[in-house]
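Have a look at the structure below before the remarks.
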Amino acid sequence: MCADKWINELWKRKHHIFILIILLFVFWLSWHTYSGRMWIPSLSFYCSLNFSDHVRKDGSYLDHLLEIRLPRMNYSQPNIMNPPRTDVLVMTPWFAPIIWDGTFSTDILNQQFKQRDVRVGLTLFAIKKYVVFLQLFLETAEKFFMVGYKVNYYVLTDRPEAVPNVTLKEGRSVVVLKTQSNARWQDISMRRMEMISLFAKKQFIGEVDYIVCVDVDMKFSDHVGVEILSDVFGTLHPGFYKGQRQRFTYERRSESQAYIASDEGDFYYAGGFFGGTVEEVYKLTNHCSHAILTDKANGIEAIWHDESHLNKYLLTHKPTKILSPEYLWDNNMGVPEILKKRRFVAVPKNHNQIRNK
Ligand code: 5GW
Ligand code: MN
C-alpha cells in the first residue's frame with residue numbers, strides 16, 4: 001500500500017527527477033574533468049581546462065617530441081677555473097642568467113633555436129611624431145636583430161600611411177596594426193601594456209613563439225639574437241645597473257599597485273625592452289594594464305608609468321633571463337669598461353620638437 005503511494009508520488013514528479021539525474025550526471029562529469037581523471041576524451045575538448053593534463057597522462061606524445069641534436073662543433077671549452085666574465089654578475093640568486101658579451105656562444109644557441117624553428121614578434125609603438133624613428137629602427141633591425149629567423153615587426157601606430165617601406169629579408173614582415181593615439185604621453189606609454197595584451201590574445205599567439213617589446217626611438221648597432229629569448233626577460237636600465245636598491249626610482253607610495261618598499265628590489269628594469277613567450281608576455285602585460293587601471297581608479301599614477309609597473313611585476317614574478325645594459329644603452333652614459341658591446345642604443349631626440357603634437 002505504502003509503496004504504491006510512493007511510486008505514484010514519484011511518477012508525478014518524474015520531470016523533476018529527470019532533471020535531477022541530468023544535473024547529477026553533469027556534476028559527475030565535471031568532477032572527473034576538474035580532478036584530472038578524464039573519462040570521456042572527446043568531452044575533454046569542451047571542458048578543456050585540463051586538456052593538456054589529459055594528454056600528458058596519456059603519455060603517447062612522449063614518442064613524438066622534437067629531438068634537438070647538436071652536430072659536431074668547434075668551440076672553446078667552458079673552463080670552470082677560468083670564467084669568461086669576473087667583472088660583472090652573470091647569474092641571479094634565482095638562477096636566471098644575465099646576458100653579457102663573452103658569456104654565450106651564438107653558434108650553440110643558433111643550433112638549438114634553429115632546430116626549434118622559432119618565430120619572433122617585435123612590438124613597436126609609433127604614435128604621432130614617433131613614426132620618424134621607424135626607418136632607422138627597421139633598417140638596423142634587419143642587420144642585427146634575430147638574423148636568420150622568422151620575424152614579425154608589429155608596428156602599432158595611428159598613422160599607418162607613414163610607416164616606411166623597408167626592404168626585408170625572407171621570412172620577415174612588417175605587420176601594421178592601427179591603434180588610436182592618446183592626448184597625454186603618459187597614457188601613450190602606459191597603454192602599450194593594454195595593447196600588447198589585447199594583440200597577444202587576438203593575434204600574436206597564433207603567429208609567433210616569442211614577443212619582444214621595445215621603444216621605437218632606438219637603433220641596433222650590434223648583434224641581438226636568440227640569446228635574449230626565455231620565458232620572461234627584462235633588461236637592466238643603463239642608468240641604474242650599478243645602483244643600490246634604495247636609490248632606484250621605483251614607485252614609493254604604498255597606495256599604488258606599483259609600490260616597492262625601500263628594502264626590496266633586485267634590479268631596476270627598463271620599460272623599453274622586455275619580452276618572453278607569448279603566454280608569459282600576455283600574463284605580464286595583462287597584469288600591468290590592470291594595475292594601471294586600478295591606480296587610475298584610485299586617483300594615483302605611478303612615477304615612471306608602465307616602467308614602474310613592470311618593475312613591480314618582475315620583482316614578484318622573477319624573470320628567467322636578464323639582459324645586460326648592452327641591450328639598451330644610452331650614449332649619454334658614456335662607455336664604461338664593462339660594456340664590450342652596445343647592441344641597441346637610444347637615438348637622441350629633440351624632446352620639444354618630437355613630443356609636441
Ligand atoms: C610622446 C611624448 C612624450 C613621451 C613619449 C611620447 C611618445 C611615445 C609618443 O608620442 N609616441 C610614441 O609612440 N611613444 C612610444 O612610447 C614610443 O614607442 C616610445 O619609444 C615609447 C616610450 O617613450 P619615449 O621613448 O619617449 O620614452 P623615453 O623614456 O625613452 O624617453
Ligand atoms: Mn625611448
Side-chain angles (χ1 to χ4, degrees), residues 121-141 145 152-164 166 174-200 204 211-221 224 234-241 248-251 258 268-275 281 284-285 288-289 292 301-311 323 325-333 342-357:
L122 185 80
T123 64
L124 268 181
F125 287 74
I127 311 289
K128 298 197 234 181
K129 279 196 177 172
Y130 275 60
V131 290
V132 301
F133 293 109
L134 284 171
Q135 180 95 28
L136 184 63
F137 185 102
L138 293 170
E139 280 172 7
T140 56
F145 181 73
N152 277 357
Y153 299 102
Y154 295 111
V155 178
L156 293 96
T157 182
D158 57 334
R159 298 182 181 173
E161 70 287 350
V163 177
V166 175
V174 169
V175 181
V176 179
L177 304 170
K178 174 124 172 83
T179 46
Q180 68 194 66
S181 89
N182 287 75
R184 294 175 65 241
W185 68 265
Q186 294 89 339
D187 289 325
I188 292 179
S189 191
M190 288 190 294
R191 276 207 67 218
R192 291 189 290 177
M193 291 293 184
E194 187 192 347
M195 299 310 297
I196 294 168
S197 76
L198 290 175
F199 278 107
F204 305 159
I211 287 283
V212 177
C213 309
V214 294
D215 269 15
V216 73
D217 56 340
M218 305 288 300
K219 66 173 183 198
F220 291 87
S221 49
V224 174
T235 305
L236 301 180
H237 191 293
F240 297 95
Y241 64 93
F248 292 162
T249 55
Y250 291 149
E251 174 54 61
Y268 191 78
Y269 301 101
F273 199 157
F274 65 90
V281 168
L284 184 159
T285 52
C288 289
S289 69
I292 288 167
E301 186 169 276
I303 177 167
W304 288 108
H305 320 106
D306 44 312
E307 185 169 81
S308 307
H309 291 279
L310 175 71
N311 272 280
L323 311 185
E326 295 167 12
Y327 291 87
L328 205 168
W329 194 248
D330 187 329
N331 285 330
N332 290 327
M333 306 282 164
R342 286 171 284 169
R343 303 170 188 277
F344 188 50
V345 184
V347 172
K349 56 182 182 274
N350 179 331
H351 285 250
N352 288 330
Q353 219 174 62
I354 195 77
R355 284 180 169 173
N356 293 335
K357 263 276 173 221

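Indexing begins at 1, ligand by ligand and atom by atom, following the structure's order. Just so it is clear, the structure is predicted and the values come from calculations on it, not from any experiment.
Annotation: Phe344 is in aromatic contact with Phe220 [ring centroid separation under 6.0 Å]. Proximity of the aromatic rings of Phe204 and Tyr154 is defined here by a centroid distance below 6.0 angstrom, and this criterion is met.
By the criterion of a heavy-atom distance under 4.0 Å, the side chain of Tyr130, and not its backbone, is placed next to ligand 1. In Met218, neither the side chain nor the backbone holds a heavy atom less than 4.0 Å from any atom of ligand 1. Contacts of Ile188 with ligand 1, taken as heavy-atom pairs under 4.0 Å, involve the side chain alone.
Scored by the salt bridge (Lys or Arg N to Asp or Glu O under 4.0 Å) test, Arg191 finds Glu194 as partners (sequence neighbours excluded). Remark: Asp215 pairs with Arg192 by the salt bridge (Lys or Arg N to Asp or Glu O under 4.0 Å) rule, at least two apart or across chains. For Glu251, the salt bridge (Lys or Arg N to Asp or Glu O under 4.0 Å) partners two or more places apart in sequence, or in a different chain, are Arg253.
Nearest heavy atoms, Leu310 versus Cys288: N-SG, 4.0 Å. Contact between Pro164 and Gln135 at its shortest, heavy atoms only, is CB-OE1, 3.1 Å. Contact record, Lys178 with Pro160: CD-CG, 3.4 Å, taken as the closest heavy-atom pair.
Heavy-atom proximity to Val216, at under 4.0 Å, picks out these atoms of ligand 1: 17 (C), 18 (O), 20 (O). Within ligand 1, counting atoms from 1 as listed, the ones closer than 4.0 Å to a heavy atom of Arg192 are 16 (O), 21 (C), 22 (C).
Among the atoms of Lys128, none of the N or O lies under 3.5 angstrom from an N or O of ligand 1. Checking only distances, Lys349 does come within under 3.5 Å of ligand 1, N or O to N or O. For ligand 1, one of its N or O atoms has an N or O atom of Ile127 under 3.5 Å away.
Under 2.8 Å from the Mn ion (ligand 2), one finds the following protein N/O/S atoms: Asp215 OD2, Asp217 OD1, Asp217 OD2.
Between Glu301 and Arg184, at least one side-chain nitrogen of the basic residue sits less than 4.0 Å from a carboxylate oxygen of the acidic one, meeting the salt-bridge criterion.
One option in Trp185, Phe137, Trp304 has a heavy atom closer to atom 2 (C) of ligand 1 than any other, and that option is Trp185.
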**Request:** Starting from the C-alpha separation in whole Å, work towards a yes-or-no answer on side chain to side chain contact (heavy atoms under 4.5 Å, CB included) for Lys128 and Ile188.
**Result:** CA-CA 10 Å; Lys128 298 197 234 181; Ile188 292 179; 3.9 Å; yes

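Of the candidates Phe273, Tyr269, Tyr241, Phe273 is the only one forming a side chain to side chain contact (heavy atoms under 4.5 Å, CB included) with Thr235.
At least one heavy atom of Ala126 lies less than 4.0 angstrom from ligand 1.
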